[in-house]
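Heavy atoms only: backbone and side chains are in, while hydrogens, waters and symmetry mates are out. Numbers here simply count residues along the sequence, with the first being 1.
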Amino acid sequence: MLFNCCVFTLWCTAVAQSKLPAYPLITHNPYFSIWSNTDKLNESFTKHWTGRNQSLVGIIKVDNQYYRFMGENPPEYKTVLSSNEERPDTCRYITDKKAVAGWEKPDFNDEAWQKGPTPFGDNHVRVGNDIWFRRKFNISELPQGRLMLKIRHGDEVEIFLNGQRISRFWNANGGYEMIPLVEDIKNKFRTGENTLAVHCRNYGRGTRTDVGFFDEIVNDNMEAVSKAEQKSVNVTATQTIYSFKCGPADLRVTFTSPLIIGDVDLLGTPVSYITCQVNCDDGKRHTISVYQGVTTNVSVNQPWQQVQASAYFENGLRLLKAGTVEQPVLQKKGDDVRID
C-alpha cells in the first residue's frame with residue numbers, strides 16, 4: 001500500500017494588531033478581565049468580557065485644558081422603580097394558565113393571584129412556560145431625564161405600564177440590561193400609584209424575570225473636558241498601546257499584563273500596569289497632570305455588593321485598595337461571573 005504524507009510547517013510570529021473586535025486592557029483570568037469594545041478608547045465604557053461596565057476613566061490636563069483619553073462619562077440614575085437586584089420586593093403572579101382578559105389593567109382585581117418575590121425563575125419562585133405578574137408602585141414626580149428600563153427576562157416578554165404595552169422582547173438576555181425607552185413612555189407614568197404588568201414565556205429552564213425603571217440624570221461634570229484625538233492603537237501578546245494628541249502634548253498610554261508563559265512567578269502575579277508617557281515638541285513649557293479613575297465595580301461580581309475601600313502608604317508608595325466586604329471565596333460558578 002502507498003501512503004501520501006503531507007507535512008505542513010507553520011511559522012508563528014508576534015505581530016502587532018491595530019483593528020480588533022475588542023481591545024484587551026487588563027487580562028488575567030475570566031474573572032479579572034477589562035476590555036474596550038470600541039476602536040477608540042474614549043468612545044465607550046470599559047467593560048468586563050461579559051459586558052458589564054467596569055469603568056476606567058483617564059483625563060489629562062495640559063495647562064488649563066482637560067482631555068479625556070479613556071472611558072466615557074459614567075451616567076447617574078435615579079430610581080423610579082427598583083429591580084430586585086437593588087431591593088427585593090413582592091408582587092402578585094399567576095402561572096401556567098392563561099390570565100383572564102384585562103389582567104394588565106390598573107383596576108384588575110388580582111387578589112386571587114399568588115404573592116411572591118421577584119425575580120421569578122428557577123432559583124426563586126419556580127415557573128412553568130408562562131408567568132403573569134403585577135406590581136403596584138408609587139412615585140411623587142414624573143421622570144425628567146432619559147427613561148431606562150432595567151430588565152432580565154426569559155424567552156419572550158411583554159411589559160405593560162398602567163394598562164398600555166410599552167415594550168416587548170424575544171430571546172432570553174441572561175442578565176440585567178439597561179435599555180433606553182422612547183420619550184413618549186414617560187407620559188404614561190402618573191404621580192401617585194402606577195401598575196406594572198408583565199407576561200413572560202419560557203421555553204427552557206434557567207431563566208429569571210425582573211423589571212425596574214430608572215431616570216437618567218444628566219451629569220455635566222465633564223462639560224469642560226474635550227476628547228483627546230486618538231492617533232493609533234496597537235495590540236501585542238502582552239500590551240495594548242494607544243497614542244493621543246492632546247493639544248500641544250502627545251500622550252502614549254500602555255496597558256501591560258505580563259503573562260509570560262515561560263516565567264511561572266510572573267504569570268502567577270495578578271498585576272497589570274497602566275503607563276502614561278507625555279511629550280511636547282513645541283519648545284514651550286507646559287504644566288501637565290494625568291488623572292486615572294477606577295470604579296469599585298472592578299472588584300465585585302454584582303454592582304450592588306457592599307465595597308470597602310482604603311488608602312495607605314507602603315514602601316514609599318501611596319496605595320488605594322478596594323474589595324467586597326463579604327469576600328465569598330469559591331462560592332460562585334458559571335460563565336457570567338466576575339472577580340469578587
Side-chain angles (χ1 to χ4, degrees), residues 14 23-36 41-42 45-49 52-63 66-71 74 221 225 228 233-244 246 249-280 285-303 305-332 337-340:
Y23 298 82
L25 306 179
I26 309 297
T27 54
H28 284 289
N29 55 55
Y31 309 110
F32 186 26
S33 181
I34 305 174
W35 298 67
S36 173
L41 185 59
N42 56 8
F45 300 107
T46 56
K47 295 177 178 289
H48 188 263
W49 73 265
R52 293 292 185 101
N53 285 347
Q54 292 195 332
S55 179
L56 304 176
V57 176
I59 298 173
I60 182 172
K61 182 182 179 183
V62 183
D63 299 324
Y66 295 88
Y67 301 89
R68 175 167 48 84
F69 61 86
M70 177 166 53
N221 294 334
V225 180
V233 56
N234 289 287
V235 180
T236 69
T238 59
Q239 293 184 321
T240 301
I241 305 162
Y242 293 89
S243 62
F244 299 91
C246 310
D250 294 315
L251 172 66
R252 180 185 174 96
V253 183
T254 303
F255 297 86
T256 304
S257 292
L259 304 180
I260 307 299
I261 296 178
D263 188 331
V264 176
D265 291 335
L266 190 60
L267 184 66
T269 303
V271 177
S272 284
Y273 303 88
I274 303 176
T275 307
C276 295
Q277 299 168 287
V278 182
N279 178 60
C280 296
R285 290 179 61 87
H286 298 280
T287 302
I288 296 176
S289 57
V290 176
Y291 165 83
Q292 170 69 66
V294 183
T295 177
T296 54
N297 281 352
V298 168
S299 66
V300 302
N301 179 46
Q302 299 290 352
Q305 288 179 270
Q306 187 177 359
V307 174
Q308 186 174 30
S310 60
Y312 62 101
F313 290 86
E314 187 170 316
N315 297 327
L317 296 176
R318 183 181 180 185
L319 305 173
L320 291 170
K321 177 174 67 174
T324 56
V325 173
E326 191 179 32
Q327 293 291 302
V329 178
L330 300 179
Q331 293 182 24
K332 296 181 178 68
V337 176
R338 287 144 296 278
I339 199 167
D340 201 340

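The two residues Pro30 and Ser33 have their closest heavy-atom pair at O-CB, 4.3 Å. Closest heavy-atom contact between Ala249 and Val278: CB-CG1, 4.0 Å. Pairing each heavy atom of Ala322 with each of Ser299, the nearest pair is O-CB, 3.9 Å.
Ser289 contributes atom OG, which lies 7.5 Å from atom CD1 of Ile60 (distance to the nearest 0.5 angstrom). Once rounded to the nearest 0.5 Å, the distance linking CZ of Arg68 with CZ of Phe244 reads 10.5 Å. Here the SG-CD1 distance, from Cys280 to Ile288, works out to 3.5 Å after rounding to the nearest 0.5 Å. Atom OG1 of Thr275 is separated from atom CD1 of Ile241 by 10.0 Å, given to the nearest 0.5 angstrom. Taking NE2 of His48 as the reference point, atom CZ of Phe32 lies at 9.5 Å (rounded to 0.5 Å). How far OH of Tyr273 is from OG1 of Thr256: 9.0 Å, rounded to the nearest 0.5 Å.
By the neighbour-count criterion of 12 heavy atoms within 6.0 Å, atom CD of Gln277 is densely surrounded, having more than that number from other residues, nucleotides or ligands. Atom CD of Gln308 has 12 or fewer heavy atoms from other residues, nucleotides or ligands within 6.0 Å. Counting non-hydrogen atoms of other residues, nucleotides and ligands closer than 6.0 Å to CZ of Arg52 gives a total above 12. When the shell of 6.0 Å around CG of Leu319 is examined, it contains more than 12 heavy atoms from other residues, nucleotides or ligands.
Proximity of Trp49 to Thr27: side-chain heavy atoms (C-beta onward) are nowhere separated by under 4.5 Å. For the pair Asn297/Pro303, a side-chain contact is recorded, criterion being any heavy-atom separation below 4.5 Å from C-beta on. Using a 4.5 Å heavy-atom threshold, the side chains of Trp35 and Lys47 count as separate. Taking the side chain as every heavy atom from C-beta outward, Val253 and Met70 never approach each other to under 4.5 Å. Considering only heavy atoms from C-beta on, Asp250 stays 4.5 Å or farther from Ser243 through its side chain. Taking 4.5 Å as the limit, some side-chain heavy atom of Leu41 sits within range of a side-chain heavy atom of Leu25.
Side-chain atoms of Asn301 do not come within 3.5 Å of backbone N or O of Ile339 as any donor-acceptor pair. A donor-acceptor pair under 3.5 Å is formed between the side chain of Asn29 and the backbone N or O of Tyr31. Using modelled atom types, one side-chain atom of Gln292 and one backbone atom of Val57 make a donor-acceptor pair closer than 3.5 Å. In terms of modelled atom types and a separation under 3.5 Å, the side chain of His28 and the main chain of Leu259 share no donor-acceptor contact. A side-chain donor-acceptor contact under 3.5 Å links Gln305 to the backbone of Gln302. The backbone N or O of Thr46 sits nowhere less than 3.5 Å from a side-chain atom of Ser36 that would complete a donor-acceptor pair. In this structure, Asp63 contributes its side chain and Thr287 its backbone to a donor-acceptor pair below 3.5 Å. Not one N or O on the side chain of Ser257 forms a donor-acceptor pair closer than 3.5 Å with the backbone of Ser272. Put simply, the side chain of Asp340 never gets that close to the backbone of Thr324: no donor and acceptor are under 3.5 Å apart. Side chain of Thr296 to main chain of Val307: no donor-acceptor pair is present (N/O by atom type, distance under 3.5 Å, no hydrogens or angles).
Ring planes of Tyr23 and Tyr242: tilted class, angle from 30 to 60°.
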TODO: Please assess Tyr67 against Asn42 for the test side-chain contact (heavy atoms from CB on, under 4.5 Å), listing each intermediate value before the final yes or no.
DONE: CA-CA 10 Å; Tyr67 301 89; Asn42 56 8; over 6 Å; no

